[in-house]
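The figures here come from the full heavy-atom set of this structure, side chains too, leaving out hydrogens, waters and symmetry mates.
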Amino acid sequence: MEGLNPHSVLVTGSNRGIGLEMVKQLAKKVNPPKWIFATCRDPEGPRSQVCRRDLKNLAAQRQEVVIIPLNITDPSSIKSAVTMVTERLNGSGLNLLINNAGVACRDSKIETQTPEDMAEVYKTNVIGTMMISQAFLPLLRKASQDSPKKGMSCSKASIVNMSSYAGSITEVYLWQYGWVVPYRCSKAALNMLTRCLSLAFTEEEILCVTLHPGWVVTDMGGNTAELTVDSSVAAILNLLSRLSEKENGTFLNWEGKILPW
């Protein structure tokens, strides 16, 4: 993981689960980023007990951790977050954007699936990720342009989208455990969004990948999952330290294995 040396990182959905653990492990590095922007929807709200307790305690202990309020589906919230991050960076770019925020859905048979549930999941998992990537693109471009390094890396300029193997059309991972059709469809769409981002920004040397973190024990993954959150995140950060232009536009698991679309 010491090969991952970004000056600045932004992680969406940092109030719990994988996002919170990413912030924790990045802050504990021997050479942590100067800026770790940990975003969550409402740090002060009544639904954010975990965010207040764990993330705020971490920010109080580590000066590099900065909590940024961010609702990834709200354009005004996104604009405010970009302004706050830009001010902190003070002329430098953003090296690593980790689009981790996402939602699942209550499982339902296809015949009873509602349009409202499908639209709500897409709004966060696909449209929200697209808007965040668009909004922070100027800072990512700045980081890439200012870097003396050739090629692509997560220490230079990168968008990492947290997807799921459940979005693989080839494998339809864990179907027997739950259909969760809106979630699966949204992750398949997110994978295509990542592929499009990778093609659009290749010449600017902004690395774009989509990752499956494994079936992780979190509020979303449940208690019967296969991986602990700390082991998943440790493997992911190790993987990010090794990524280059060879992996641009690919769908990988937490260990670096290429997954079928």
**Q** Contact between L211 and L239 at the side-chain level, heavy atoms closer than 4.5 Å - yes or no?
**A** yes

**Q** Please say whether more than 12 non-hydrogen atoms of neighbouring residues, nucleotides or ligands are located less than 6.0 Å from CG in L199.
**A** yes

**Q** Mind checking side chain to side chain contact (heavy atoms under 4.5 Å, CB included) for T83 and listing every partner two or more places apart, or none if nothing turns up?
**A** E87

**Q** Check whether any side-chain N or O of S232 sits under 3.5 Å from a backbone N or O of V229 as a donor-acceptor pair, and report yes or no.
**A** no

**Q** Mind jotting down which residue pairs meet the salt bridge (charged side-chain N to carboxylate O under 4.0 Å, His left out) criterion with at least one end in residues 165-189? Sequence neighbours excluded, please.
**A** none

**Q** R141: which residues meet the side-chain hydrogen bond (donor to acceptor under 3.5 Å, both in side chains) condition with it, sequence neighbours left out?
**A** E204

**Q** Y173: what forms a ring-ring contact (aromatic ring centres under 6.0 Å, His included) with it, not counting sequence neighbours?
**A** Y165, H212

**Q** Could you measure the distance from the OH atom of Y183 to the CG atom of D117? Nearest 0.5 Å is fine.
**A** 15.0 Å

**Q** Please list all pairs passing the side chain to side chain donor-acceptor pair (under 3.5 Å) test where one or both residues lie in residues 251-261, with sequence neighbours left out.
**A** none

**Q** Atom CZ of F251 and atom CG of L190: how far apart are they, to the nearest 0.5 Å?
**A** 9.0 Å

**Q** What pairs with N161 under side-chain hydrogen bond (donor to acceptor under 3.5 Å, both in side chains), at least two apart in sequence or on another chain?
**A** N99, T194

**Q** What residues form a side-chain hydrogen bond (donor to acceptor under 3.5 Å, both in side chains) with E64, not counting sequence neighbours?
**A** R62

**Q** How close do S77 and P69 get, heavy atom to heavy atom, and via which atoms?
**A** OG-O, 4.1 Å

**Q** Around atom CD of E203, are there more than 12 heavy atoms of other residues, nucleotides or ligands at under 6.0 Å?
**A** no

**Q** Using side-chain contact (heavy atoms from CB on, under 4.5 Å) as the criterion, point out the one residue from N5, V9, L243 that pairs with C154.
**A** L243

**Q** Hydrophobic clusters here meaning ILVMFWY residues chained together by side-chain heavy-atom distances under 4.5 Å, can you tell me if L10 and I18 are in one?
**A** no

**Q** Using the test side-chain hydrogen bond (donor to acceptor under 3.5 Å, both in side chains), find all partners of K156 that sit at least two apart in sequence or belong to another chain.
**A** E205

**Q** Rounded to the nearest 0.5 Å, how far apart are CE of M131 and OG1 of T73?
**A** 6.0 Å

**Q** Which pair of non-hydrogen atoms, one from L139 and one from S92, has the smallest distance, and what is that distance?
**A** CD2-O, 4.0 Å

**Q** Answer yes or no: are there more than 12 heavy-atom neighbours, outside K149 itself, under 6.0 Å from its atom NZ?
**A** yes

**Q** V82 and I206: same hydrophobic cluster, using ILVMFWY side-chain contacts below 4.5 Å?
**A** yes

**Q** Working to the nearest 0.5 angstrom, can you tell me the gap between T210 OG1 and L193 CG?
**A** 9.0 Å

**Q** State, to 0.1 Å, how close D230 and E21 come at their nearest heavy-atom pair, and which atoms those are.
**A** CB-OE2, 3.6 Å

**Q** Which pair of non-hydrogen atoms, one from S14 and one from A38, has the smallest distance, and what is that distance?
**A** OG-CA, 3.6 Å

**Q** Checking F201 now: which residues fulfil ring-ring contact (aromatic ring centres under 6.0 Å, His included) with it, not counting sequence neighbours?
**A** none

**Q** Taking R53's backbone N and O only, do any of them form a donor-acceptor pair with N57's side chain (distance below 3.5 Å, no angle check)?
**A** yes

**Q** Within the structure provided, determine whether M130 and Q134 are in side-chain contact (heavy-atom separation under 4.5 Å).
**A** yes

**Q** Can you sort out the partners of S8 under side chain to side chain contact (heavy atoms under 4.5 Å, CB included), two or more places apart, ordered by chain and number?
**A** W35, F37, L89, L94, N95

**Q** So does C208 get a backbone contact from the side chain of S158, meaning a donor-acceptor N/O pair under 3.5 Å?
**A** no

**Q** Using only atom types and a distance under 3.5 Å, with no angle test, would you say the side chain of D54 pairs donor to acceptor with the backbone of N15?
**A** no

**Q** Name all residues meeting the side chain to side chain contact (heavy atoms under 4.5 Å, CB included) criterion together with D146; count only those two or more places apart in sequence or in a different chain, and write none if there are none.
**A** K142

**Q** Any chance you could lay out the side chain to side chain contact (heavy atoms under 4.5 Å, CB included) test for L259 and S168, step after step, and finish with the verdict?
**A** CA-CA 8 Å; L259 301 176; S168 169; over 6 Å; no

**Q** Rounded to the nearest 0.5 Å, what's the gap from CD1 on I68 to CD1 on I36? Could you check?
**A** 12.5 Å

**Q** Within the distance-only criterion (no hydrogens, no angle test), does the side chain of S147 pair as donor or acceptor with the backbone N or O of S144 below 3.5 angstrom?
**A** no

**Q** Kindly check if the number of other-residue, nucleotide or ligand heavy atoms within 6.0 Å of CZ (R242) is above 12?
**A** yes

**Q** Check whether any side-chain heavy atom of I258 sits under 4.5 Å from a side-chain heavy atom of E247, and report yes or no.
**A** no

**Q** Could you go through the side chain to side chain contact (heavy atoms under 4.5 Å, CB included) check for L207 and S244 one step at a time?
**A** CA-CA 7 Å; L207 174 66; S244 69; over 6 Å; no

**Q** Tell me whether L227 is reachable from M22 by hopping between hydrophobic residues (I, L, V, M, F, W, Y) whose side-chain heavy atoms are closer than 4.5 Å.
**A** yes

**Q** If hydrophobic clusters are built from ILVMFWY residues whose side chains come within less than 4.5 Å, do L96 and I132 share one?
**A** no

**Q** According to a 4.5 Å side-chain heavy-atom criterion applied to Ile, Leu, Val, Met, Phe, Trp and Tyr, with indirect links allowed, do L252 and M162 form part of one hydrophobic cluster?
**A** yes

**Q** When rounded to the nearest 0.5 angstrom, what is the spacing between CG in N248 and CZ in R195?
**A** 8.0 Å

**Q** Restricting to non-hydrogen atoms, name the atom on N191 and the atom on S163 that form the minimum distance, rounded to 0.1 Å.
**A** OD1-OG, 2.7 Å

**Q** Mind checking who shares a hydrophobic cluster with V172, ILVMFWY linked at side-chain heavy-atom distances under 4.5 Å?
**A** I110, M118, Y122, V126, W175, W179, V181

**Q** For residues I72 and I78, report the shortest heavy-atom separation together with the two atoms involved.
**A** O-CD1, 3.4 Å

**Q** Are E120 and V103 side-chain neighbours, meaning at least one heavy-atom pair lies under 4.5 Å?
**A** no

